[in-house]
Amino acid sequence: MGGFLIHRHLCRALSWKFELYCMRIRQLRDERFGSCLKALTENERSRMKTLCGEEAYRPVLAYMKEKGVKLEQEIVSYYCAAEETDRKELSNDLKEDAVKMKYMIASDVHGSAWYCKEMLAAFEREQADRLLLLGDLLYHGPRNDLPVGYAPKEVISMLNAHRQQIFCVRGNCDAEVDQMVLGFPIMADYALLAVGDRLMYVTHGHIFSISSPPPLQLGDILLHGHTHIPAWEVFGEDNLYLNPGSVALPKEGSVRGYMILDGKNVLWKELNGTVYHSMCL
């Protein structure tokens, strides 16, 4: 019975079609499948009532009720049940869905309400699915001058208004007190993204960086902020280092800006949307 409930939850939660796997009657009668049949308990009969209105389960539930048995494995996902060609097609479909995810990537706001507002205006303009922030959100840091429009309380309010669209890694200027006022997780040291057939290691840059990289395989990508300088550089074993620069405090003559990751296409943009570099991963 648990299998039916899991199936219903998966279909509703993921909006994917998981097909029911149902043995034919002659298969159920075959002694080789005897281990699949267990006595139906009263508790399971009660649970069956919650599923009686579901058309997809009705034939199997009727058989189970008639015979007084339950099937040990009621369902398998479409992926597991499909033929090899179907599995490949489904795998390609899932990869295409992942490629369709559009990320806006920004870093090092450092408490500037002025430039945070411009960053969020760019996020709305880009119509990205998620805003990936690479840390240093609220505090300007002891090594930096105060940025224009330094107002951490205003930044808190603006970011929290987008909390369902933001995911973030921790910067060296982020602390537990910042997490207390922000409505989305910020304390993870890294995140991993699949970009086509490559893995992207996402971090702030003060722990892992191009000079002190995390464990990477051939072709993996390292994405971080921290330096306040945009970057696109090959290193290691065909690895790639990417950096969006800083939203509020750019260094070495760089512009205030962000990155767009749309499938395998990467764009570096100024806060006004002007593209100044692009590449395909």
Side-chain angles (χ1 to χ4, degrees), residues 101 103-113 115-120 122-123 128-147 149-195 199-216 220-231 233 239-251 254 256-261 266 268:
M101 181 70 74
Y103 298 96
M104 176 173 163
I105 304 166
S107 189
D108 297 278
V109 178
H110 285 290
S112 171
Y115 290 114
C116 182
K117 184 177 181 180
E118 289 196 20
M119 176 188 72
L120 293 174
F123 180 61
D129 297 294
R130 295 289 188 273
L131 175 58
L132 170 54
L133 297 177
L134 303 183
D136 283 2
L137 304 183
L138 302 180
Y139 179 49
H140 69 284
R143 296 180 298 179
N144 298 316
D145 295 329
L146 285 176
Y150 185 67
K153 287 185 178 180
E154 293 182 31
V155 174
I156 292 168
S157 178
M158 285 188 280
L159 293 180
N160 280 342
H162 292 269
R163 61 185 178 275
Q164 293 179 318
Q165 298 163 295
I166 293 174
F167 71 104
C168 181
V169 293
R170 178 180 67 91
N172 58 305
C173 292
D174 298 321
E176 291 184 7
V177 67
D178 301 320
Q179 181 63 89
M180 292 172 64
V181 296
L182 290 169
F184 51 92
I186 69 165
M187 300 302 288
D189 285 328
Y190 69 93
L192 299 175
L193 293 178
V195 182
L199 184 72
M200 179 177 285
Y201 190 101
V202 182
T203 190
H204 177 64
H206 63 299
I207 299 175
F208 295 113
S209 64
I210 191 170
S211 60
S212 180
L216 298 173
D220 285 349
I221 301 166
L222 175 62
L223 169 66
H224 70 71
H226 185 57
T227 66
H228 299 210
I229 304 168
E233 180 180 342
N239 301 115
L240 186 62
Y241 160 51
L242 307 179
N243 192 318
S246 173
V247 168
L249 293 169
K251 295 182 179 180
S254 60
R256 295 179 175 87
Y258 58 92
M259 285 169 50
I260 292 293
L261 174 61
V266 188
W268 279 258

| task | To the nearest 0.5 angstrom, please state how far the CG atom of Leu182 sits from the OG atom of Ser157. | result | 11.0 Å
| Looking only at atom types and distance, does a side-chain atom of Ser212 sit under 3.5 Å from a main-chain N or O of Ser209, one as donor and one as acceptor? | no
| said: Ignoring hydrogens, what is the shortest heavy-atom contact between Phe208 and His224? Give both atom names and the distance. | reply: O-CD2, 3.9 Å
| field | CG-OG distance between Asp136 and Ser246, expressed to the nearest 0.5 angstrom | value | 8.5 Å
| Is any side-chain heavy atom of Met104 closer than 4.5 Å to a side-chain heavy atom of Met119? | yes
| field | Heavy-atom check, side chain of Cys116 versus side chain of Leu159, under 4.5 Å | value | yes
| query | At what distance, to the nearest 0.5 angstrom, does CD1 of Ile221 lie from CG of Leu193? | reply | 9.5 Å
| Just how far is it from atom CZ of Arg170 to atom CE of Met187, taken to the nearest 0.5 Å? | 5.5 Å
| Validation row: Trp268, Leu242 side chains within 4.5 angstrom (heavy atoms) | yes
| note | Taking every heavy atom of Leu216 against every heavy atom of Pro213, the minimum-distance pair comes out as CD1-CB, 4.4 Å
| field | Leu223 side, atom CG; Tyr241 side, atom OH - distance, nearest 0.5 Å | value | 9.0 Å
| query | Heavy-atom count around Lys153 NZ within 6.0 Å, excluding the residue itself: above 12? | reply | no
| query | Any side-chain heavy atom of Leu192 sitting closer than 4.5 Å to one from Tyr201? | reply | yes
| request: May I ask you to test the Thr203-Pro214 pair for a side-chain heavy-atom distance under 4.5 Å? | output: no
| task | Might you point out which heavy atoms bring Ala248 and Tyr115 nearest each other, and give the distance in Å? | result | CA-CD1, 4.0 Å
| query | Taking all non-hydrogen atoms of both residues, which atom of Ile210 and which atom of Leu222 are closest, and how far apart? | reply | N-CD2, 3.7 Å
| query | Taking all atoms of both residues into account, what is the closest heavy-atom pair of Val155 and Leu138, and its distance? | reply | CG1-CD2, 3.6 Å
| query | Taking all non-hydrogen atoms of both residues, which atom of Ser107 and which atom of Pro244 are closest, and how far apart? | reply | CB-CG, 4.0 Å
| field | Gap between atom CD1 of Ile105 and atom CG of Leu132 - 0.5 Å precision | value | 5.0 Å
| task | Determine whether more than 12 heavy atoms belonging to other residues, nucleotides or ligands lie under 6.0 Å from atom OH of Tyr190. | result | no
| task | State, yes or no, whether a side-chain contact exists between Asp108 and His204 at a heavy-atom distance under 4.5 Å. | result | yes
| query | Quick one: are Leu137 and Asp174 in side-chain contact, heavy atoms under 4.5 Å? | reply | yes
| Is there a side-chain contact between Asn172 and Arg143, using heavy atoms and a 4.5 Å cut-off? | yes
| query | Would a distance-only check, ignoring hydrogens and angles, find a side-chain to backbone donor-acceptor pair under 3.5 Å from His228 to Gly245? | reply | no
| field | Criterion side-chain contact (heavy atoms from CB on, under 4.5 Å) on Val202 and Leu134, from CA distance to verdict | value | CA-CA 8 Å; Val202 182; Leu134 303 183; 3.4 Å; yes
